[in-house]
Enquirer: 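Next up is a structure, given as structure tokens.
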Amino acid sequence: MGSLSAAAGEWQSVEQIAEDVRTGKVTAVELVERALGVIDSKKEYGAIIATTAERARERAASIDAMVKNGQPVGRLAGVPYIAKDNYLMFGAETTAASNMLRGFVAPYQATVIERLEAEGAVCVAKANLDAFAHGASTENSDFMITLNPHDKTRVAGGSSGGSAASVVLGMVPFALGSETGGSIRLPASFTGCVGYKPTYGLTSRHGVVAMASSTDTLAPLTKTVDDLALVFDVMAGCDPLDGTTIERDPDGYANATTSLNGKKVGVIKEYMTEGVAPGVKQAIQAAIDKMKAAGADVQEVSLPSLSLALAVYYIIVPAEVSSNLSRHDGQRYQFSYQGAKDLDESYMKSRGIGFGKEAKRRIMIGTHVLSSGYYDAYYRQAQTVRTKIINEFDDVFTDFDFLVGPVAPTTAFKVGENADDPLKMYLADIMTVAANLVGVPAISVPVGVDENDLPVGLQIMAAQRADRALLGVAKHIEELLR
Amino acid sequence: MAKLTRDDVLKLARLARLELTEDEIEAYRSELSNILRYVEMVQNADVAGLKPTTQVTGLTNVMRADELLDYGVSRDDLLRLAPETQDGQLKVKRMII
């Protein structure tokens with residue numbers, strides 16, 4: 001782990017890098033070359049699908065020229081980053097790691113990409129993911145498996161596994177991920193970086209391949225909370241192209257600080273059961289003890305309906321997946337089966353061949369729970385239990401400022417360990433999905449390692465729209481553990 | 001319920017327009033049954049007096065002016081992505097045989 005930290009430590013803070021570019025201490029071109037060099041030297045981890053080298057070099061050169069001319073270059077001037085390959089952007093294909101979208105050249109860019117570019121950030125590569133973001137290990141990528149930077153026999157978590165690994169491997173100071181049920185927090189926990197899931201609607205989803213529209217959110221993964229908060233501050237806020245977006249905090253998100261002193265922190269009882277690996281529990285307990293010592297009023301809290309969250313999630317999300325993936329019909333863009341005799345055969349074969357195993361599995365579950373005769377018992381019931389879970393969180397947040405627990409019951413598992421049993425793979429999400437169903441912000445902060453030296457992430461949650469306070473308290477915890 | 005038959009799987013695949021191989025039909029029959037058996041735990045939850053949630057931040061009917069945005073993406077840019085076009089339209093296989 002020592003050498004890894006040193007490698008990742010080669011990047012200064014995002015704020016410092018941008019400052020150095022603005023003052024001419026370093027050029028954006030040099031930063032792009034450095035990022036591309038690390039990417040090239042760490043190919044064996046399977047984190048990267050493609051680089052956007054040509055476009056990155058052009059953009060970096062134009063930023064350097066602007067610096068020379070004394071023009072403003074933005075808060076993220078010249079900072080290289082990597083985007084999960086479900087973000088539509090120029091410079092490389094957008095595949096969502098799926099054969100269905102292989103070769104797709106996006107005709108426009110995601111809103112958040114436009115915002116990052118407007119502040120001078122430079123995308124250097126597209127990161128691997130579970131195809132269409134369906135998975136908890138990045139083993140469902142149609143192209144390759146992303147390996148854990150700490151142990152190549154283990155997964156990096158998913159679905160933003162490539163993004164998490166790229167940050168930990170020191171390729172870039174930040175990477176973008178997407179969250180539907182833990183797809184940023186889980187790989188952050190498994191690889192030892194900071195991963196965030198904001199309040200639902202705080203980041204525009206426009207131009208990102210949709211998974212489940214009622215829970216999808218976007219955010220960065222970084223080495224530190226400060227880096228994350230700064231990048232997120234650039235990304236967040238209303239977008240006329242996404243009707244679900246909400247107003248940003250008037251104070252923004254950068255440089256948030258929240259003292260734990262006097263804050264009421266609830267340890268989620270349902271997340272600290274015997275099912276949690278001892279190494280995870282110890283690391284979490286040690287972090288909680290430090291929070292107490294820093295003046296937090298820590299108490300155990302129970303949310304009994306959490307035991308239903310994963311079941312609710314695996315009804316609602318496949319339902320939305322089946323609807324969102326219906327657009328891939330082989331007629332409008334990318335994979336299209338050639339040689340069909342009629343339209344129906346073209347649909348059946350384009351989708352049957354183009355989609356991977358997990359996409360088809362989720363489409364069929366979704367189709368089942370939405371179908372006539374089963375809708376009320378599955379989909380409507382799940383939506384109603386979702387209300388029950390939301391009410392429990394609302395109640396708890398009238399009393400507590402923050403909730404804490406592990407991100408996952410285990411550290412990174414072995415490649416192949418859960419691959420043959422989809423239900424076992426789904427269980428990796430058991431502690432992350434609730435935040436998505438409820439729409440509250442949640443963060444994974446590295447707090448230690450287990451007996452195998454594998455990273456453990458502490459999950460912290462706050463009430464909807466308390467993102468700034470949550471980022472601030474995450475920073476305090478990060479400092480306590482330093 | 002929660003024990004799907006081969007015909008159930010074929011019906012779902014047909015509704016979702018997915019052609020499956022023989023191996024896939026058998027694998028999905030057992031996997032989907034297991035997953036459904038797990039998620040059925042929601043059916044025992046007491047939800048008396050509760051309404052279903054479809055939107056979590058309380059937004060309803062978000063409106064905008066009915067104006068055309070110049071988005072910088074042309075019709076041709078989009079049609080270029082299509083497998084087959086004719087006279088500025090998508091071309092698909094015949095629907096009626």
Side-chain angles (χ1 to χ4, degrees), chain A residues 104-105 107-108 199-201 214 240 243-244 246 305 308 311-312 314-315 322 329-334 336 338 340-349 351-353 355 357 360-361 363-365 367-368 371 377-378 380-388 390-391 422-423 426 437-439 464, chain B residues 1 4 8-9 11-21 24 27-28 31-32 34-47 50-59 61-65 69 71-74 77-84 90-97:
Chain A
F104 177 68
V105 177
Y108 60 91
T199 295
Y200 178 75
S214 83
T244 66
I246 59 172
S305 295
L308 298 167
V312 170
Y314 276 103
I315 292 173
S322 72
D329 60 3
Q331 314 305 314
R332 290 172 289 183
Y333 48 88
Q334 288 335 107
S336 180
Q338 298 302 301
K341 62 184 186 310
D342 58 29
L343 183 59
D344 189 64
E345 188 189 0
S346 176
Y347 287 149
M348 295 289 289
K349 289 220 161 76
R351 289 168 59 79
I353 297 165
F355 283 127
K357 274 196 172 77
K360 284 188 271 195
R361 194 176 285 132
I363 290 169
M364 285 192 285
I365 295 167
T367 303
H368 181 74
S371 63
Y378 289 95
R380 198 184 154 80
Q381 177 72 9
Q383 285 182 305
T384 314
V385 179
R386 184 178 190 175
T387 307
K388 195 178 168 91
I390 290 170
N391 291 349
L423 185 58
Y426 293 176
L437 292 173
V438 178
Q464 275 191 14
Chain B
M1 195 46 220
L4 297 180
D8 292 331
V9 174
K11 187 184 162 206
L12 290 174
R14 175 67 199 144
L15 282 169
R17 299 293 186 275
L18 296 168
E19 188 169 288
L20 301 181
T21 63
E24 284 178 318
Y28 283 133
E31 289 167 5
L32 300 185
N34 285 340
I35 294 162
L36 290 171
R37 205 171 297 131
Y38 176 82
V39 300
E40 273 170 9
M41 73 168 77
V42 301
Q43 291 164 1
N44 302 321
D46 177 11
V47 292
L50 297 175
K51 291 199 167 99
T53 294
T54 53
Q55 212 287 337
V56 291
T57 52
L59 296 177
N61 298 333
V62 178
M63 310 295 260
R64 63 166 176 84
L69 290 172
Y71 194 56
V73 182
S74 71
D77 290 338
L78 296 174
L79 282 173
R80 249 194 301 277
L81 301 169
E84 220 181 336
L90 297 176
K91 187 179 177 188
V92 299
K93 299 286 178 199
R94 58 190 295 175
M95 297 172 73
I96 301 164
I97 309 162

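Treat the numbers as computed from the prediction; the structure is a model and nothing was measured. Chain identifiers are assigned alphabetically (A, B, ...) following the order of the sequence lines, protein sequences preceding nucleic acid strands; residue numbering begins at 1 within each chain.
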Enquirer: Side chains of B:Leu78 and A:Arg332, heavy atoms from C-beta outward: is any pair under 4.5 Å?
Expert: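 No, too far: nothing below the 4.5 Å cut-off.
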Enquirer: Given a strict heavy-atom distance threshold of 4.5 Å, which part of A:Gln334 is in contact with chain B: side chain, backbone, both, or neither?
Expert: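 The answer is both parts of A:Gln334.
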Enquirer: What part of B:Val47 gets within 4.5 angstrom of chain A, counting heavy atoms only: side chain, backbone, both, or neither?
Expert: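 Both backbone and side chain of B:Val47 come within 4.5 Å of chain A.
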Enquirer: For residues A:Thr387 and B:Pro52, report the shortest heavy-atom separation together with the two atoms involved.
Expert: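 Heavy-atom minimum between the residues: OG1-C, 3.6 Å.
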Enquirer: To check you understand the geometry: which heavy-atom pair defines the closest contact between A:Val385 and B:Ala45, and what is its length?
Expert: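 What the structure gives for the nearest pair is CG2-CB, 3.8 Å.
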Enquirer: Do the side chains of B:Leu36 and A:His368 get nearer than 4.5 Å, heavy atoms only?
Expert: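 Contact flag for A:His368/B:Leu36 side chains = yes.
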Enquirer: Between A:Lys341 and B:Lys93, is there a donor-acceptor pair closer than 3.5 Å when you use the side chain of the first and the backbone of the second?
Expert: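 No, the answer is negative, given that no donor and acceptor are paired below the 3.5 Å cut-off.
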Enquirer: Do side-chain atoms of A:Gln381 reach the backbone of B:Val42 as a donor and acceptor pair under 3.5 angstrom?
Expert: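 Side chain of A:Gln381 to backbone of B:Val42: a pair is present.
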Enquirer: Ring centroids only, cut at 6.0 angstrom: are A:Tyr314 and B:Tyr38 within range, meaning strictly under it?
Expert: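 Distance test on ring centres: not under 6.0 Å, no.
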Enquirer: Please determine if B:Arg14 and A:Asp344 form a salt bridge, counting it only when a charged side-chain N lies under 4.0 Å from a carboxylate O.
Expert: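 Salt bridge: yes.
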Enquirer: Heavy-atom distance under 4.5 Å to chain B: side chain of A:Asn391, backbone, both or neither?
Expert: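 When you check distances to chain B, only side chain atoms of A:Asn391 fall under 4.5 Å.
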Enquirer: Please report the C-alpha distance between A:Lys360 and B:Glu24 in whole Å, then the side-chain angles of each, then the deciding distance to 0.1 Å, and finally whether the salt bridge (Lys or Arg N to Asp or Glu O under 4.0 Å) criterion is met.
Expert: CA-CA 10 Å; A:Lys360 284 188 271 195; B:Glu24 284 178 318; 2.6 Å; yes
Enquirer: Side chain, backbone, both or neither: which part of A:Gln464 has a heavy atom under 4.5 Å from chain B?
Expert: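 It is the side chain, since no backbone atom gets that close.
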Enquirer: side-chain contact (heavy atoms from CB on, under 4.5 Å), that's the test. Do A:Leu343 and B:Arg94 meet it? Break it down for me.
Expert: CA-CA 6 Å; A:Leu343 183 59; B:Arg94 58 190 295 175; over 6 Å; no
Enquirer: Side chain of A:Arg351, backbone of B:Ala16: donor and acceptor closer than 3.5 Å?
Expert: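 Here the side-chain-to-backbone pair exists.
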Enquirer: Given that the side chain runs from C-beta out, which part of B:Leu59 has a heavy atom under 4.5 Å from chain A: side chain, backbone, both or neither?
Expert: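 Contact with chain A is through the side chain of B:Leu59 alone.
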Enquirer: B:Ile96 versus chain A, heavy atoms under 4.5 Å apart: side chain, backbone, both or neither?
Expert: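 Nothing of B:Ile96, per the 4.5 Å heavy-atom cut-off to chain A.
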Enquirer: Looking at B:Val62, B:Leu20, B:Ile35, B:Val73, which has the largest count of heavy-atom pairs under 4.5 Å with chain A?
Expert: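 Most heavy-atom pairs within the cutoff with chain A belong to B:Ile35.
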Enquirer: What distance separates B:Leu90 CG from A:Tyr333 OH, expressed to the nearest 0.5 Å?
Expert: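 Output value for this atom pair is 11.0 Å.
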Enquirer: What closest approach, in Å, do B:Val56 and A:Gly439 show between heavy atoms, and which atom pair accounts for it?
Expert: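 B:Val56 and A:Gly439 have their closest heavy atoms at CG2-CA, 4.0 Å.
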Enquirer: For B:Glu19, check side-chain contact (heavy atoms from CB on, under 4.5 Å) against everything at least two apart and list the hits.
Expert: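 Scan of B:Glu19 (side-chain contact (heavy atoms from CB on, under 4.5 Å), adjacent residues dropped) gives A:Met348, A:Lys349.
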Enquirer: Around A:Lys357, counting heavy atoms of other residues, nucleotides and ligands shown, do more than 12 lie under 6.0 Å from its NZ?
Expert: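 Atom NZ in A:Lys357 is not packed in, count stays at 12 or less.
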Enquirer: Where is the tightest heavy-atom contact between A:Met364 and B:Tyr28, given as atom of each residue plus distance?
Expert: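 Where A:Met364 meets B:Tyr28 most closely, the heavy atoms are CE-CD1, 3.3 Å.
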Enquirer: Please classify the contact between A:Ser322 and chain B as side chain, backbone, both or neither, with a heavy-atom cut-off of under 4.5 Å.
Expert: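 When you check distances to chain B, no heavy atom of A:Ser322 falls under 4.5 Å.
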Enquirer: Between A:Thr244, A:Ile315, A:Ile363, which has the largest tally of heavy atom pairs under 4.5 Å with chain B?
Expert: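 The option with the most such pairs is A:Ile315.
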Enquirer: Nearest 0.5 angstrom please: A:Ser336 OG to B:Glu84 CD, how far?
Expert: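 The distance works out to 8.5 Å.
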Enquirer: Please report the closest heavy-atom contact between B:Leu81 and A:Pro107, naming both atoms and the distance.
Expert: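 Where B:Leu81 meets A:Pro107 most closely, the heavy atoms are CD1-CG, 4.0 Å.
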Enquirer: Can we say A:Arg361 and B:Glu31 salt-bridge, meaning some charged N sits less than 4.0 Å from an Asp/Glu carboxylate O?
Expert: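 A salt bridge links A:Arg361 with B:Glu31.
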Enquirer: What part of B:Thr54 is in contact with chain A, defined as an atom under 4.5 angstrom from a non-hydrogen atom: side chain, backbone, both or neither?
Expert: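 For B:Thr54, heavy atoms of backbone and side chain both lie under 4.5 Å from chain A.
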Enquirer: Quick one: what part of B:Gln55 sits under 4.5 Å from any heavy atom of chain A, side chain, backbone, both or neither?
Expert: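 Looking at B:Gln55, just its side chain touches chain A.
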Enquirer: Which heavy atom in B:Leu32 sits nearest to a heavy atom in A:Ile365, and how many Å separate them?
Expert: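 Looking at all heavy atoms of both residues, the shortest contact is CD2-CG1, 3.6 Å.
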Enquirer: Considering only heavy atoms and a distance below 4.5 Å, find which of A:Gly330, A:Pro240, A:Ser305, A:Ala311 pairs most often with chain B.
Expert: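 Highest number of heavy-atom pairs under 4.5 Å: A:Ala311.
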Enquirer: Only counting residues at least two apart or in another chain, list the ones meeting salt bridge (charged side-chain N to carboxylate O under 4.0 Å, His left out) with B:Lys51.
Expert: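 With sequence neighbours excluded, B:Lys51 shows a salt bridge (charged side-chain N to carboxylate O under 4.0 Å, His left out) to no residue whatsoever.
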Enquirer: Select, from B:Met95, B:Lys11, B:Gln43, the one with the greatest count of heavy-atom pairs under 4.5 Å involving chain A.
Expert: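 Going by pairs under 4.5 Å, I would pick B:Gln43.
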Enquirer: Verify side chain to side chain donor-acceptor pair (under 3.5 Å) between B:Glu40 and A:Tyr378, making sure each step is shown before the conclusion.
Expert: CA-CA 7 Å; B:Glu40 273 170 9; A:Tyr378 289 95; 2.5 Å; yes
Enquirer: For the CG atom of B:Leu50 and the CD1 atom of A:Ile390, what is their distance to the nearest 0.5 Å?
Expert: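 So the CG of B:Leu50 and the CD1 of A:Ile390 are separated by 10.5 Å.
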